[in-house]
> 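Questions regarding the structure given below will be posed in turn.
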Amino acid sequence: MSVSNESATEQEPEALGLTVSAVARRMGVAPATLRTWDRRYGIGPSEHQAGSHRKYTPADLARLEHMRRLVIAGIPPADAARASCEQDFSDADLIPVTQGFPSAMPDEVPVAPSARAGGGRVVALPGRGPAARGLARAAQALDWSACVEILTESFERRGVIWTWEYLVVPVMRGVGDQWSSSGRGVEVEHTLSAAVQDALGGSIRSAATPLNTRTVLLACAPDDLHSLPLWAVAAALAECRIGTRVLGASLPASALASAVQRLGPAAVLVWAQMPATADPTVVDLLPAVRPAVTILVGGPGWRDDNMPTSESVVRVADLADAVGRIVRAVGG
Ligand code: B12
């Protein structure tokens, strides 16, 4: 866990855990909601000192955050609570109670000597637990199978949305920033990308049989090679028993139009990582089919000035938002 500059005395009350009202403030939910989740589903604070209110420990916070994300994604609260209780959250590798939701202070993590590929390199990544540091080290060492192992374990223990937000994204961004600032580390980025795609694919393959009758199409905008977020969406939906077709990187507009015509999907998501690839015509040229298709665009490439002309197209905010909207589109 990270060490703050506060004195030991100042740290003490927070180190003992957070109160309901402090957690509610940080998460942006009503204290009454947290009390209901505690009473009905047992997702509440576990720390108790005589004469004081019960406090949320780091593991309680992780369980709560996991439940919140599943609920946002459209999972009924009772099922979300059950899934969160089944995940194995230990205090040792989770969000310290002194850190906010959901991001932490950036932190330089030195690469362990055994993992150094070129000597003295560091990957800048938000200071999370040992799993993020382990993943960064394994990627830096070009150890594809160790990356897959760390990711697979986290998908199984904490689910896809948690692992994407807290493990994959910080390490990916660290690796991307290392490349943009030094021009080095393309091999690290490729190792990590391959491992993330492989582990997400494994998670999809091991999921239960999908229940949806209409499929969901996930594609990159033409000329965009950043397909990993599509695999994250597919894996998170597979956890909700929703089947998808990942049409992958750099899909020509005519190919997406043809797939929509042939398959009549419930939803289509077009990912653009960069403004240069966010071409609105890919959406504008989609054929009108019945029943109507929910069309979503996602990724930092989409901006107010390059959005498709149709007003019904929605720009999703993040993974949980994309999953929630698609769950609703397929009628889940
Ligand atoms: C992996 C990677 C690659 C891989 C992709 C492999 C693959 N199969 O996906 C490869 C090697 C192919 C690649 C190529 C290039 N890349 Co690249 N790449 C990355 C890297 C490291 C991760 C990409 C990723 O998966 N991002 C997704 C997550 C991890 O990050 P995020 O976008 O910040 O996510 C948040 C939001 O998007 C938001 N969100 C909003 N809506 C939605 C919706 C959904 C569904 C989700 C999930 C999230 C979401 O929530 C997020 C968290 O999930 C990024 C670094 C970065 N910061 O992203 C660079 C990065 C995107 N690449 C970059 C560049 C420049 C390139 C190249 C042009 C390099 C080159 N000269 O060849 C080419 C472009 C090729 C092309 N035409 O597309 C730049 C883009 C700069 C810019 N803004 O224009 C980045 C930012 C690196 C950098 N720091 O400069 N890249």
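Only a predicted model underlies this, so the values are computations on that prediction, with no experimental measurement involved. Just so you know, ligand 1 is whichever comes first in the structure, and atom 1 is the first atom listed for that ligand.
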> CZ of Arg325 to CG of Leu269: how many Å apart, nearest 0.5 Å?
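If we round to the nearest 0.5 Å, Arg325:CZ and Leu269:CG are 11.5 Å apart.
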
> For Asp60 and Ser46, indicate whether the former's side chain and the latter's backbone hold a donor-acceptor pair under 3.5 Å.
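Yes; at least one donor-acceptor contact below 3.5 Å.
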
> Treating Ser84 as the side-chain partner and Ala80 as the backbone partner, does any N or O pair qualify as donor plus acceptor under 3.5 Å?
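A pair under 3.5 Å: yes.
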
> Quick test of your reading of the structure: of Trp302, Trp231, Trp271, whose heavy atom lies closest to atom 43 (C) of ligand 1?
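That would be Trp271.
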
> Work out whether the distance between some heavy atom of Asp224 and some atom of ligand 1 is less than 4.0 Å.
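Yes.
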
> Could you check whether atom 47 (C) of ligand 1 has a protein contact, counting only heavy atoms that fall below 4.0 angstrom?
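Neighbour list for atom 47 (C) of ligand 1 includes protein heavy atoms (cut-off 4.0 Å).
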
> Atom 54 (C) of ligand 1: protein heavy atom closer than 4.0 Å?
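Under 4.0 Å from atom 54 (C) of ligand 1, zero protein heavy atoms found.
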
> For Ile150, is there any backbone N or O sitting under 3.5 Å from a side-chain donor or acceptor partner on Ser154?
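Side chain of Ser154 to backbone of Ile150: no pair is present.
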
> Below a 4.0 angstrom heavy-atom separation, can you tell me which part of Arg315, side chain or backbone, both or neither, approaches ligand 1?
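Near ligand 1, Arg315 shows nothing, with every heavy atom at 4.0 Å or more.
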
> Can you report which non-hydrogen protein atom sits closest to atom 51 (C) of ligand 1, along with the distance?
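Looking at atom 51 (C) of ligand 1, the protein heavy atom closest to it is Arg173 NH2, 3.8 Å.
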
> Which residue holds the protein heavy atom closest to atom 25 (O) of ligand 1, what is that atom called, and what is the gap in Å?
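Going atom by atom, the protein heavy atom closest to atom 25 (O) of ligand 1 ends up being Pro229 CD, 3.8 Å.
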
> Going by a strict under-4.0 Å cutoff (protein heavy atoms only), does atom 58 (O) of ligand 1 have a neighbour on the protein?
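Under 4.0 Å from atom 58 (O) of ligand 1, at least one protein heavy atom found.
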
> Ligand 1 versus Ala317, non-hydrogen atoms closer than 4.0 Å: side chain, backbone, both, neither?
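The answer is the backbone of Ala317.
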
> Which ligand 1 atoms, with their elements, are less than 4.0 angstrom from a heavy-atom of Ser193?
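Ligand 1 atoms under the 4.0 Å threshold to Ser193: 1 (C), 6 (C).
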
> Would the distance check show the side chain of Arg241 and the main-chain N or O of Thr209 forming a donor-acceptor pair, the cut-off being under 3.5 Å?
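Here the side-chain-to-backbone pair exists.
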
> Regarding Thr281 and Asp284, is there a side-chain donor-to-acceptor distance under 3.5 Å anywhere?
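Their side chains do not contain a donor-acceptor pair, so the 3.5 Å distance test is not met.
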
> So, does Trp302 use its side chain to make a donor-acceptor pair with the main chain of Val270 at under 3.5 Å?
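Here the side-chain-to-backbone pair exists.
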
> Report, in ascending order of atom number, the atoms of ligand 1 lying under 4.0 Å from any heavy atom of Val316.
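Counting atoms of ligand 1 from 1, those under 4.0 Å from Val316 are 41 (N), 43 (C).
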
> Please identify which atoms of ligand 1 are closer than 4.0 Å to at least one heavy atom of Trp164.
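Near Trp164, the atoms of ligand 1 are 47 (C), 52 (C), 53 (O).
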
> By number and element, which atoms of ligand 1 are closer than 4.0 Å to a non-hydrogen atom of Ala322?
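Checking each atom against Ala322, I get 45 (C).
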
> Hey, does the side chain of Arg214 reach the backbone of Pro291 with a donor-acceptor pair shorter than 3.5 angstrom?
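Checked: pair present.
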
> For atom 86 (C) of ligand 1, is the nearest protein heavy atom closer than 4.0 Å?
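So atom 86 (C) of ligand 1 lacks protein heavy-atom neighbours under 4.0 Å.
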
> How close does the nearest protein non-hydrogen atom get to atom 90 (O) of ligand 1, and which residue and atom is it?
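Closest protein heavy atom to atom 90 (O) of ligand 1: Ser180 CB, 3.4 Å.
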
> I'd like to know if Ile295 and Trp271 are part of one continuous hydrophobic network [Ile/Leu/Val/Met/Phe/Trp/Tyr, side-chain heavy atoms within less than 4.5 Å].
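Trp271 and Ile295: separate clusters.
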
> Using a plain distance cutoff, I'd like to know if Leu228 has any nitrogen or oxygen under 3.5 Å from a nitrogen or oxygen of ligand 1.
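So ligand 1 has an N or O lying under 3.5 Å from an N or O of Leu228.
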
> Keeping the roles fixed (side chain from Gln178, backbone from Gly185), state whether a donor-acceptor pair exists under 3.5 Å.
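No, Gln178 side chain to Gly185 backbone: no donor-acceptor pair under 3.5 Å.
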
> I'd like to check which ligand 1 atoms, numbered from 1 as shown, lie under 4.0 Å from a non-hydrogen atom of Ser227.
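Near Ser227, the atoms of ligand 1 are 7 (C), 8 (N), 9 (O).
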
> May I ask you to list the atoms of ligand 1 that are less than 4.0 angstrom from any heavy atom of Val233?
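Going through ligand 1 atom by atom, the ones under 4.0 Å from Val233 are 45 (C).
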
> Hey, is the main chain of Ser312 close enough, under 3.5 Å, to the side chain of Ser310 for a donor-acceptor pair?
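The answer is yes, because a donor-acceptor pair under 3.5 Å joins these two groups.
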
> Using a cut-off of 2.8 Å, find all protein N, O or S atoms closer to atom 17 (Co) of ligand 1 than that distance.
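As for protein N, O or S atoms lying under 2.8 Å from atom 17 (Co) of ligand 1, they are His226 NE2.
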
> Would you check if the side chain of Asn306 reaches a backbone N or O of Gly301 as a donor-acceptor pair within less than 3.5 Å?
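Side chain of Asn306 to backbone of Gly301: a pair is present.
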
> Given the protein's heavy atoms, is any one of them under 4.0 Å from atom 17 (Co) of ligand 1?
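Yes.
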
> Numbering the atoms of ligand 1 from 1, which are under 4.0 Å from a heavy atom of Asp177?
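Listed by number with element: 89 (N).
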
> Looking only at protein heavy atoms, which one is nearest to atom 21 (C) of ligand 1, and how far off is it?
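Atom 21 (C) of ligand 1 sits closest to the protein heavy atom Met172 O, 3.5 Å.
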
> Would Arg315 and Asp321 pass as an ion pair if we require N to O under 4.0 Å?
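Salt bridge: no.
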
> Can you tell which of Gly298, Pro300, Pro275 gets a heavy atom nearest to atom 37 (O) of ligand 1?
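Of the listed residues, Pro300 has the closest heavy atom.
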
> Protein heavy atom under 4.0 angstrom of atom 67 (C) of ligand 1, is there one?
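Given the 4.0 Å cut-off, atom 67 (C) of ligand 1 does not count as touching protein heavy atoms.
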
> List ligand 1 atoms under 4.0 Å from His190, heavy atoms only on the residue side.
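Result: 11 (C).
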
> Is it the case that the side chain of Thr152 and the backbone of Glu149 share a donor-acceptor pair, with hydrogens and angles ignored and the cut-off at 3.5 Å?
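Such a contact is absent between Thr152 side chain and Glu149 backbone.
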
> Just to be sure I read this right, does ligand 1 sit under 4.0 Å from the backbone of Asp223, its side chain, both, or neither, counting only heavy atoms?
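The answer is the backbone of Asp223.
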
